S.K.: 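Quick one: the structure is below, and I'll ask about it shortly.
The structure displayed is predicted, hence computed values, not measured ones. The figures that follow rest on heavy atoms only: side chains count, while hydrogens, waters and symmetry mates do not.
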Amino acid sequence: MKQNETHTRVFGPTPELVSSRLRQTLSNIQEEEPVKKKMKLQPVLVILLILALCGAAVAAATWGSRDMMAYEEQDGVKRVNEELVSLITPIGQTFEDDALKVEVIDAVFDGHSLIAAWTTTNKTSDTLYLLCDIRTNGEYTGAGITSNTGERFLQPGDVLQSGISCRTDDIVLGTPENDATFDDSCEVKMRVSVLRPRGDVVEIETLHGDETRGELDAYLAGIDALITEGKIPMVQDMIEYGSSIPYEEGMSTADMLAASGMMELVSTLDVAFTVERNTKPKSGLPGGDPVEKDNGSYILRVTRAELTPNTGTFNLERVFANEEAALTYQAYHETDHTNLNWDFQFLDENGETSWSWNWSGSADTQSPVEQPDGTWVWAYRGVMTGLVRMPGTVAIVPTRDDPETGERSVAHPEEGITLEIR
């Protein structure tokens, strides 16, 4: 099962209930960027999801997947990837019961990633707490961004604009190859639940991120005390679950809240729709053959370079004559195995990253592996979603830390490879 911080924010706690919820609260306060896995990727533009920050529940007259693509360039102007907009598929499906109505508006799927938009309406006369479990092709969603998908209160008659932009592939870090294929379709299943509070909802002060361990313990104890008194603690529209909420394998967050006695389950609505892929990837490798650049101390080899209007997928290798040579390019810092000594930049035909790419995928390296011909290979792969424009060329520029000056991520364009995307 693939999980990330966005998933945790949307789908609720894991068995490590207290620490998970605490991390969520701290994450909200620190306003972290969309999820990036494993390594330092340097995002160069900020995706602004309409209503994601204000969280307003408003009418859905113009809401759609196009709004989930909106980004703001350095000049402050919001733009969208027009090529991706042209691929949006109307869905137009409605699911409802006595309490809820979910209208799926439209979506776009490129084989690796999904963008979809829908609205959720509270049909009752009560204030209800919304939760939403989302899966794509049977798995929890991969790295991405969500907008108003759950863990918030809906007032009577509210129409909540919601959406998701996420990866759907099953790429697992730590495997030797990025062998993900392009799926022909994406089956989306959502379980939308609403609950009614059984006690008074009490808004409590948020954490500030600089608390001592003792202050954190007191904070959590205060949450438990409120729950014991029959009250429901809330932080920034999210319910705090406390440390004694019941949990069994397979229980959803809605199940746990209902079992705790904090809330009454009013309705669970199952939503399902399928989005067909209507675009083919473009390649940067002529005839599919690898492209190499001999840099003397190592060979840079590109074995995969595929782009759709929303996703870029790359497999790269640094090839060394022997193990000793490979280890001089140790991938990770000796004291910090989450950051890389070396990395790559992906630049468009203008030599820019400030507006052409938004990293919200994953990248990783392996330990050097000996090949049958005696060479040693450091493997690298990256998957990026959220392209804001399909580039005509991609320059792959190696970067590495300078051991003498200590400068991080020094670019070496003379060692790079430029690919034409066709």
S.K.: Any side-chain heavy atom of Asp200 within less than 4.5 Å of one from Ile232?
M.R.: no
S.K.: For a side-chain contact (heavy atoms from CB on, under 4.5 Å) check, start with the C-alpha distance between Val397 and Phe344, then their side-chain angles and the critical distance, and finish with the verdict.
M.R.: CA-CA 5 Å; Val397 179; Phe344 294 93; over 6 Å; no
S.K.: Looking at every heavy atom in both Leu195 and Ala258, which two are closest together, and how far apart are they?
M.R.: CD2-N, 4.2 Å
S.K.: Using the test side chain to side chain contact (heavy atoms under 4.5 Å, CB included), find all partners of Leu327 that sit at least two apart in sequence or belong to another chain.
M.R.: Glu323, Gln330, Pro368
S.K.: Rounded at 0.5 Å granularity, tell me how far NZ in Lys189 sits from OG1 in Thr136.
M.R.: 12.0 Å
S.K.: Using side chain to side chain contact (heavy atoms under 4.5 Å, CB included) as the criterion, list what pairs up with Lys101, not counting sequence neighbours.
M.R.: Thr94, Glu96, Glu103, Thr121, Lys123
S.K.: If I take atom CD1 from residue Ile115 and atom CG from residue Asp67, how far apart are they, to the nearest 0.5 angstrom?
M.R.: 11.0 Å
S.K.: Are any side-chain N or O atoms of Asp217 and backbone N or O atoms of Gly214, one a donor and one an acceptor, separated by less than 3.5 Å?
M.R.: no
S.K.: Check the pair Glu215, Arg213 against salt bridge (Lys or Arg N to Asp or Glu O under 4.0 Å), reporting the backbone distance first and the verdict last.
M.R.: CA-CA 5 Å; Glu215 289 171 332; Arg213 179 66 196 185; over 6 Å; no
S.K.: Can a donor-acceptor pair be found between the side chains of Asp126 and Thr124 at a distance below 3.5 Å?
M.R.: no
S.K.: Taking ring-ring contact (aromatic ring centres under 6.0 Å, His included) as the test, write out the residues that go with Phe109, two or more places apart.
M.R.: none
S.K.: Looking only at side chains, do Tyr298 and Glu317 share a donor and an acceptor under 3.5 Å apart?
M.R.: no
S.K.: Heavy atoms, side chains only, cut-off 4.5 Å: are Ser260 and Pro246 in contact?
M.R.: yes
S.K.: Who are the salt bridge (Lys or Arg N to Asp or Glu O under 4.0 Å) partners of Glu248, not counting sequence neighbours?
M.R.: none
S.K.: Could you tell me whether the side chain of Val201 reaches within less than 4.5 Å of the side chain of Phe153, counting heavy atoms only?
M.R.: yes
S.K.: Could you go step by step and tell me if Arg191 and Asp270 meet the salt bridge (Lys or Arg N to Asp or Glu O under 4.0 Å) rule?
M.R.: CA-CA 5 Å; Arg191 175 155 289 185; Asp270 288 324; 2.7 Å; yes
S.K.: With a 3.5 Å cut-off and no angle check, do the side chains of Glu306 and Thr313 form a donor-acceptor pair?
M.R.: no
S.K.: List the residues meeting salt bridge (Lys or Arg N to Asp or Glu O under 4.0 Å) with Glu420, not counting sequence neighbours, and say none if there are none.
M.R.: Arg422
S.K.: Quick one: list whatever passes side chain to side chain contact (heavy atoms under 4.5 Å, CB included) with Arg198, sequence neighbours left out.
M.R.: Glu264
S.K.: So do the side chains of Ser185 and Arg277 get within less than 4.5 Å of each other, counting heavy atoms only?
M.R.: no
S.K.: Go through it in stages, so that I can follow the logic: the residues are Tyr380 and Trp342, the test is side-chain contact (heavy atoms from CB on, under 4.5 Å), and I'd like the CA-CA distance, side-chain angles, deciding distance and then a yes or no.
M.R.: CA-CA 10 Å; Tyr380 171 106; Trp342 53 259; 4.0 Å; yes
S.K.: Knowing that exactly one of Thr308, Asn81, Asn310, Val108 qualifies, which makes a side chain to side chain contact (heavy atoms under 4.5 Å, CB included) with Leu87?
M.R.: Val108
S.K.: Is there a side-chain contact between Ile164 and Trp118 (heavy atoms, below 4.5 Å)?
M.R.: yes
S.K.: My understanding is that only one of Ile88, Val80, Val85 makes a side chain to side chain contact (heavy atoms under 4.5 Å, CB included) with Ser65; could you say which?
M.R.: Ile88
S.K.: Do Ile396 and Val302 touch side chain to side chain, with heavy atoms closer than 4.5 Å?
M.R.: yes
S.K.: Verify whether one side chain among Asp224 and Ser243 offers a donor that lies under 3.5 Å from an acceptor in the other.
M.R.: yes
